[in-house]
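Written below as structure tokens is the structure these notes are about.
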Amino acid sequence: MKVSVIGSGYVGLTTGAALASLGNVVQGFDTNQELVESLNEGRLPFYEAGLADLVRAQSAAGRLSFSEEVSRAPVGADLVFICVGTPEAREGGRPDISQVEKAVELIADTVTPRTVVVLKSTVPIGTGDKIALLLSQKSGGLFPADNVAVNPEFLREGSALGDFFQPDRVVLGVEGELAKRRLVELYGWVQAPLVLTDRKTAEAIKYAANAFLATKISFINQIARLCTSLGINAVDVARGIGLDRRIGPDFLEPGVGFGGSCLPKDLAALVFMARAAGARPTLLEAVAEINRSQPEWVISLMEQAMAEKPAPVAVWGLSFKPDTDDTRSSPALALISSLVARGYEVRAYDPMARLGEDPVAAHGEEGRGGRWCRVDSAYDAVAGAHALVLATAWPEFRNADWSRVRRLMAGETPVVVDGRNALEPAALVGHGFVYVSVGRVAGRFAGRAGKQ
Ligand code: UGA
């Protein structure tokens with residue numbers, strides 16, 4: 001099929017390159033001319049495993065190209081995907097859909113009665129209907145409103161291509177035959193259920209999915225706090241409940257909290273939409289509050305273990321999870337913000353993170369004399385530090401030279417706070433560290449991988 005993809009960020013590029021590799025002819029569009037030029041030269045502005053190679057291979061095969069002429073996206077296309085960003089607007093959770101509106105504005109003159117427009121961006125419930133009406137009106141009734149579909153993405157950063165090619169399900173919010181036929185054909189290769197529904201339900205499914213994932217994480221973080229108070233191993237509790245098929249083992253890892261460009265934003269958006277609809281989203285609000293306070297709880301564990309404070313602290317990890325350079329709403333940055341606000345001197349290291357301007361101030365903390373800086377190696381970060389907090393579980397941290405870390409750190413018994421339960425407690429204790437974890441009690445069973 002001939003597919004146009006508007007928006008060449010994580011979602012648009014992954015979708016476009018993956019669809020091209022399945023034999024479709026794909027043209028990617030973006031208003032950012034510089035980005036378009038670099039993509040046509042095979043250069044990506046961010047890291048996503050396997051994506052740069054796939055983009056280059058599909059471009060070389062003549063199935064993928066990029067253009068800044070967004071208004072031409074519908075020309076000759078069977079499907080026009082809209083994959084632009086929908087960030088959180090300034091005020092409390094409301095999603096900003098101006099980029100979607102801009103894309104619609106740009107294509108309004110070139111859509112035909114045979115064009116199918118597919119919203120892949122995460123959009124507030126009702127946006128698909130709104131866009132359908134707008135396109136129909138702007139085209140003087142030529143474009144049928146039923147030709148707008150909603151097809152939410154469930155791609156995790158770091159494993160986006162795997163998620164695209166092996167989805168658990170594909171959700172298609174369709175109102176008319178043409179949109180349904182084209183999308184069912186496009187996804188004909190999928191070995192998972194196609195969930196056919198209306199546009200609004202498809203939009204709600206996306207928000208509910210991310211809110212549920214966020215709920216699982218905040219739930220286990222709450223349990224981890226309780227387990228810490230009671231001296232119980234939260235990782236064993238997670239395993240014990242996760243083996244119940246009704247609960248499932250995924251997203252039950254306690255940590256510093258969830259971050260990224262999706263879970264926090266989509267949770268806030270759902271809270272906003274629920275309030276606007278007069279429903280009281282008390283559970284969702286609690287999920288957000290637990291996540292907001294999780295880095296502070298981790299800091300309180302660190303402070304309990306430290307002999308002297310404030311003292312220099314090292315933080316390992318800045319990205320919101322491993323295998324991505326993305327630091328948007330990263331819990332590691334929230335943690336650094338809180339440390340700086342409490343007067344700590346922080347040296348942070350991450351192998352890949354891309355930082356925006358003034359990333360820590362962007363988290364809204366008031367500095368009280370503390371400072372932070374980014375350094376070029378994990379060992380530079382720990383030099384002279386009294387405590388080390390692992391905030392992102394990059395594999396290189398697991399394989400660190402702990403004798404070297406111990407020699408570089410200051411104090412009698414330096415503290416290691418394993419904010420992702422990624423390290424071996426017994427080995428660290430053996431090296432002379434005070435080991436602190438998120439709900440993993442250093443006892444007989446602590447750290448056991450749990451296979452038996
Ligand atoms: C998330 C969803 O998982 C995708 O399905 C969805 O398509 C995507 O948002 C989106 O809406 O675009 P992503 O933001 O890449 O994907 O990140 P996740 O893998 O979901 O992780 C989110 C955060 O939760 C990370 O900070 C991670 O460290 C944290 N996490 C995850 C935990 O703290 N504990 C867990 O058990 C799992």
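No experiment lies behind these values; they were computed from the predicted model shown. Note: hydrogens, waters and symmetry copies are ignored here, and every other heavy atom, side chains too, is used. Remember, it's 1-based here, ligands and their atoms both numbered in the order they're listed.
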Pairing of [X] and [Y] as salt bridge, 4.0 angstrom limit:
X	Y	result
Glu88	Lys265	no
Arg292	Glu289	yes
Arg246	Asp244	yes
Arg275	Glu285	yes
Glu185	Lys180	no

I'd like to check which ligand 1 atoms, numbered from 1 as shown, lie under 4.0 Å from a non-hydrogen atom of [X].
X	result
Lys321	13 (P), 15 (O), 17 (O), 18 (P), 19 (O), 28 (O)
Glu157	15 (O)
Phe154	5 (O), 7 (O)
Lys206	7 (O), 10 (C), 11 (O), 12 (O)
Glu153	7 (O), 10 (C), 11 (O), 12 (O)
Phe258	23 (C), 24 (O), 26 (O), 29 (C)

Looking at side-chain heavy atoms only, is the closest gap between Val80 and Val118 below 4.5 Å?
-> no
Tell me the protein heavy atom at minimum distance from [atom], and give that distance in Å.
atom	answer
atom 26 (O) of ligand 1	Phe320 O, 2.8 Å
atom 8 (C) of ligand 1	Leu155 O, 3.4 Å
atom 37 (C) of ligand 1	Phe251 CD2, 3.6 Å
atom 30 (N) of ligand 1	Ile217 CD1, 3.5 Å
atom 34 (N) of ligand 1	Glu253 O, 3.0 Å

Any [X] heavy atom less than 4.0 Å from ligand 1:
X	value
Thr122	no
Gly257	yes
Cys262	yes
Arg420	yes

Could you tell me if the ring centre of Phe46 sits under 6.0 Å from that of Tyr10?
-> yes
Trp189 and Phe164 aromatic centres sub-6.0 Å = yes
Pair Arg354, Tyr47: side-chain N/O donor-acceptor within cut-off below 3.5 Å |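 Side chains of Arg354 and Tyr47: no pair found under 3.5 Å.
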Option with minimal heavy-atom separation from atom 3 (O) of ligand 1, where the choices are Arg156, Lys265, Arg328 |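 Ranked by closest heavy atom to atom 3 (O) of ligand 1, first place is Arg156.
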[X], portion touching ligand 1 at heavy-atom distance under 4.0 Å:
X	result
Asn210	side chain
Leu252	backbone
Leu263	side chain

Would you say Glu105 has more than 12 foreign heavy atoms packed within less than 6.0 Å of its CD?
->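 Open.
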Is the count of non-hydrogen atoms from other residues, nucleotides or ligands lying under 6.0 Å from Phe397 atom CZ greater than 12?
->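 Above 12, so yes.
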Using side chain to side chain contact (heavy atoms under 4.5 Å, CB included) as the criterion, point out the one residue from Asp326, Leu333, Val256, Thr392 that pairs with Phe320.
->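 Result for side chain to side chain contact (heavy atoms under 4.5 Å, CB included) with Phe320: Asp326.
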